[in-house]
Amino acid sequence: MLILFKIFITNMYLYICGKTFADYYFKKNNSQESENAIFGAIIVSFIALTVNFFLPLNKIVTTFLFLIPFFIFIKKGISKKELWFFIKATIIVFFFIIYSDVNRPDAGLYHLPYTQILNENKIIIGLGNLHHRFGHISIVQYLSAINHNYIIGVHGIIIPLASLISFILIYFLDDISFFLKKKNNLDLNDIFSLFILIYIGFKVNRYSGFGNDAPAHLLFFYLISVYLKSRINFDFLKKTFLIASYTFLNKITLGLGFIFPLIIFGKLNREKYKIIFSFSSIFVLLWLIKNILISGCLIYPVEKTCIYKFSWSNKSETIKQNILAEAWAKDWPNRTDDSILKEDYLKNYNWLSVWSKNHLLYIVKILIPYIIFLLTIILFINFTKKKNSKIIFYKDMKKYRMIMIVSIIGTLIFFLKFPLYRYGYSYLITLIIFLLSSLLFKYDLFFVKKIFQYVIILSIFVLLGKQIQRIYNNYNTYNIWPNIYALSPKTKNIEIEEKIIGQQYKIFVSKKECMYLKAPCTNSFKTNITHKKKIGYDIIYVKKN
């Protein structure tokens, strides 16, 4: 099938880019195939971001960028192990994508519209004035945009998100497989990998639910695993900093991940200062420059990071969106007092009673079954009597304590500032795993490996079962590709109006979601925005009174 071919070459493209980058970036690249593929997603995102400062990511540009890595493939060839990895990743992505849907409603509001803007325009200064959500976009949109080329076509924008999720899933599966085949002792990373695999099978199992959140949280889990394996050397500093940076560029609420490379940095010699001029530092710097050009803020809508002297900066809107974002995260729509102002709702924990009656119950419904399942596994391991039981010993308790501290701080910030589950669940899940892992005190290696085998089979069965059930339910009503033109299963006409602002600049306004139809598009048009052009760049800004 054509869809399998497109997924396969996308995965191959990302892997080749990542392997080439990692071989050059690290003194000794011992990364798994899945890690090289993750690095591929990172370097391709960086290329997309950099190019878009000067050119639109149109099909001519992206096809050229897509073909270059395959010359490396022709020269070096491919191993059986690499081919098997491509096949596994392709099958996983295929099941994630077919007869699925895009993330509702965010894909239609700003994921897809922003991706189309990237495909048709170089960076538009002040784009956040067209739609505030364009001010806090994820790096995943750049990864999606660069995959729209003459070889794969427009549906190429669908694949990279599922590919990134599949690479991380395979990473944890490979970690557990290594324990089952090679290791003679149980360590904290083995337990962590198993419990994360359970969580993925239980909760991260729908393409329509991935959005910008799932890749960020799974990257944070991957960062934890890498830190658990890390040694005090410059390669691990670069690796953890690279993953923490990409996690941050996906979701700013996970910025605490920078603590892990910072710990390694503090223990290294003078060589460590090279990290200031590393690839990751340049990547983050470019991202922050992009943020300033789009919204006037380093991190939108955090007011303290904003520079209001630019013509496209919009102080009143930034303050408004900052308050609104926090209010919505604290369950503002479910408030009982319709007369209360957002500012008052946020004061003195007025939001707590509303949030606890609604969103807290939603969180509890997710976490309780997960905790019970993990506790069951721990009890089985602890209290099943075997002749060869070992006392469990974690080699590096300093790492254990540091991860606990980061997850506790992250959970507290999550609760106090943005208690919406999808904003901070990786902190919660990590905290739960590390708290429960402290309850393990003895194990029999043979029995533990049997438990691991059964849990892997169960997790894969649940994950695959969810896909088969969705495919069966959607087979007669959904297209094989997720619909990027409408949130309905079948394409319907979305009413989009053309408007001219400023110096004959054309924008599009939709009464519903913009989707991937016309760009630049907004569904929250403001009559006070205008446009000008300077040194070849479009600038959207608010008219001065």
Side-chain angles (χ1 to χ4, degrees), residues 5-52 55 57 61-90 93 139-140 142-152 156 159-161 163-168 170-171 174 215 219 222-223 226 233-247 249 274-275 277-284 286-287:
F5 169 74
K6 291 180 177 182
I7 295 169
F8 186 88
I9 61 171
T10 297
N11 291 336
M12 184 184 290
Y13 165 64
L14 293 174
Y15 174 82
I16 295 169
C17 290
K19 181 71 163 59
T20 306
F21 166 75
D23 287 346
Y24 169 79
Y25 193 59
F26 302 115
K27 288 181 181 178
K28 191 175 183 181
N29 181 24
N30 295 319
S31 304
Q32 301 166 206
E33 285 77 15
S34 54
E35 291 186 278
N36 285 323
I38 294 169
F39 299 150
I42 295 173
I43 189 65
V44 169
S45 300
F46 172 78
I47 292 168
L49 174 65
T50 306
V51 169
N52 192 243
L55 295 168
L57 298 175
V61 172
T62 56
T63 302
F64 174 74
L65 293 171
F66 188 83
L67 290 174
I68 290 175
F70 285 95
F71 290 107
I72 299 169
F73 160 68
I74 293 169
K75 184 179 178 180
K76 290 187 175 182
I78 193 168
S79 68
K80 289 182 179 179
K81 194 175 181 182
E82 289 170 328
L83 179 61
W84 174 232
F85 167 73
F86 299 150
I87 292 170
K88 286 190 295 184
T90 298
V93 174
I139 191 65
V140 165
Y142 287 82
L143 180 62
S144 295
I146 203 170
N147 207 46
H148 179 191
N149 54 58
Y150 283 113
I151 298 167
I152 299 178
I159 300 172
L161 173 60
S163 293
L164 182 55
I165 300 292
S166 74
F167 300 156
I168 300 171
I170 292 171
Y171 168 82
D174 287 346
L219 283 163
Y222 169 51
L223 173 62
V226 170
N233 62 49
F234 193 57
D235 264 2
F236 268 105
L237 173 59
K238 289 195 290 185
K239 189 173 184 178
T240 52
F241 187 37
L242 179 69
I243 302 163
S245 298
Y246 197 60
T247 304
L249 268 53
K274 294 178 184 177
I275 200 70
F277 307 101
S278 68
F279 166 81
S280 302
S281 298
I282 296 169
F283 198 0
V284 173
L286 281 177
W287 182 258

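The OG atom of Ser45 lies 8.0 Å from the CD1 atom of Ile146; values are rounded to the nearest 0.5 Å. A distance of 12.5 Å separates OH of Tyr15 from CG of Asn11, quoted to the nearest 0.5 Å. Put simply, CD1 on Ile159 and OG1 on Thr90 are 9.5 Å apart, with the number rounded to the nearest 0.5 Å. In this structure, CG on Leu14 lies 11.0 Å from CD1 on Ile38, to the nearest 0.5 angstrom. Rounded to the nearest 0.5 Å, atoms CD1 (Ile42) and CD1 (Ile243) are 6.5 Å apart. Rounding to the nearest 0.5 angstrom, the gap separating the OH atom in Tyr13 from the CG atom in Asn149 is 8.0 Å.
The number of heavy-atom neighbours closer than 6.0 Å to CZ of Phe64, taken from other residues, nucleotides and ligands shown, is 12 or below.
When all heavy atoms of Phe236 and Val226 are compared, the pair lying nearest together is CE2-O, 4.1 Å. Shortest non-hydrogen contact noted between Pro215 and Leu164 is CB-CD2, 3.9 Å. The two residues Gly156 and Ile152 come nearest to each other via the heavy atoms CA-CG2, 3.4 Å. For the residue pair Leu219 and Tyr246, the shortest heavy atom distance occurs at CD1-CD2, 3.6 Å. When all heavy atoms of Cys17 and Pro69 are compared, the closest pair comes out as SG-CG, 3.4 Å.
For Asn52 (side chain) and Leu55 (main-chain N/O), a donor-acceptor pair under 3.5 Å exists by modelled atom type. When atom types are taken as modelled, the side chain of Thr63 and the backbone of Tyr150 share a donor-acceptor pair closer than 3.5 angstrom. A distance-only check finds no donor-acceptor pair linking the side chain of Ser245 to the backbone of Ser281 [under 3.5 Å].
Residues satisfying the side-chain contact (heavy atoms from CB on, under 4.5 Å) criterion with Ser144, sequence neighbours excluded, are Thr115, Val140, Ile157. Residues meeting the salt bridge (Lys or Arg N to Asp or Glu O under 4.0 Å) test with Lys239, sequence neighbours left out: Glu35. With sequence neighbours excluded, the residues that form a side-chain contact (heavy atoms from CB on, under 4.5 Å) with Phe5 are Leu2, Ile9. Remark: Lys88 engages Trp84, Ile170, Asp174 in a side-chain contact (heavy atoms from CB on, under 4.5 Å) (not counting sequence neighbours). In this structure, the side-chain hydrogen bond (donor to acceptor under 3.5 Å, both in side chains) partners of Asn36, at least two apart in sequence or on a different chain, are Asn29. Among residues two or more places apart in sequence or in another chain, the side-chain contact (heavy atoms from CB on, under 4.5 Å) test is passed with Ile78 by Met12, Phe73, Glu82, Phe86.
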Yes or no on ring-ring contact (aromatic ring centres under 6.0 Å, His included) for Phe85 and Phe167, after CA distance, side-chain angles and deciding distance? CA-CA 9 Å; Phe85 167 73; Phe167 300 156; 5.8 Å; yes
Would you check, one step at a time, whether the test side-chain contact (heavy atoms from CB on, under 4.5 Å) holds for Val44 with Leu65? CA-CA 9 Å; Val44 169; Leu65 293 171; over 6 Å; no
Please step through side-chain contact (heavy atoms from CB on, under 4.5 Å) for the pair Asn147 and Phe66, ending with a clear verdict. CA-CA 8 Å; Asn147 207 46; Phe66 188 83; 3.9 Å; yes
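Taking the six-membered ring where the residue is Trp, the centroids of Phe39 and Phe26 are separated by under 6.0 Å.
Between Tyr171 and Tyr222, the ring planes lie perpendicular to each other; the angle is over 60°, past the 30° to 60° tilted range. Using cut-offs of 30° and 60° for the angle between ring planes, the Phe279 and Tyr25 rings count as perpendicular.
Residues Leu223 and Thr240 are in side-chain contact: their nearest non-hydrogen atoms beyond the backbone lie under 4.5 Å apart. Contact check for Phe46 versus Phe21: no side-chain heavy atoms found under the 4.5 Å cut-off. Put simply, the side chain of Phe283 reaches to within 4.5 Å of the side chain of Leu49, judged on heavy atoms.
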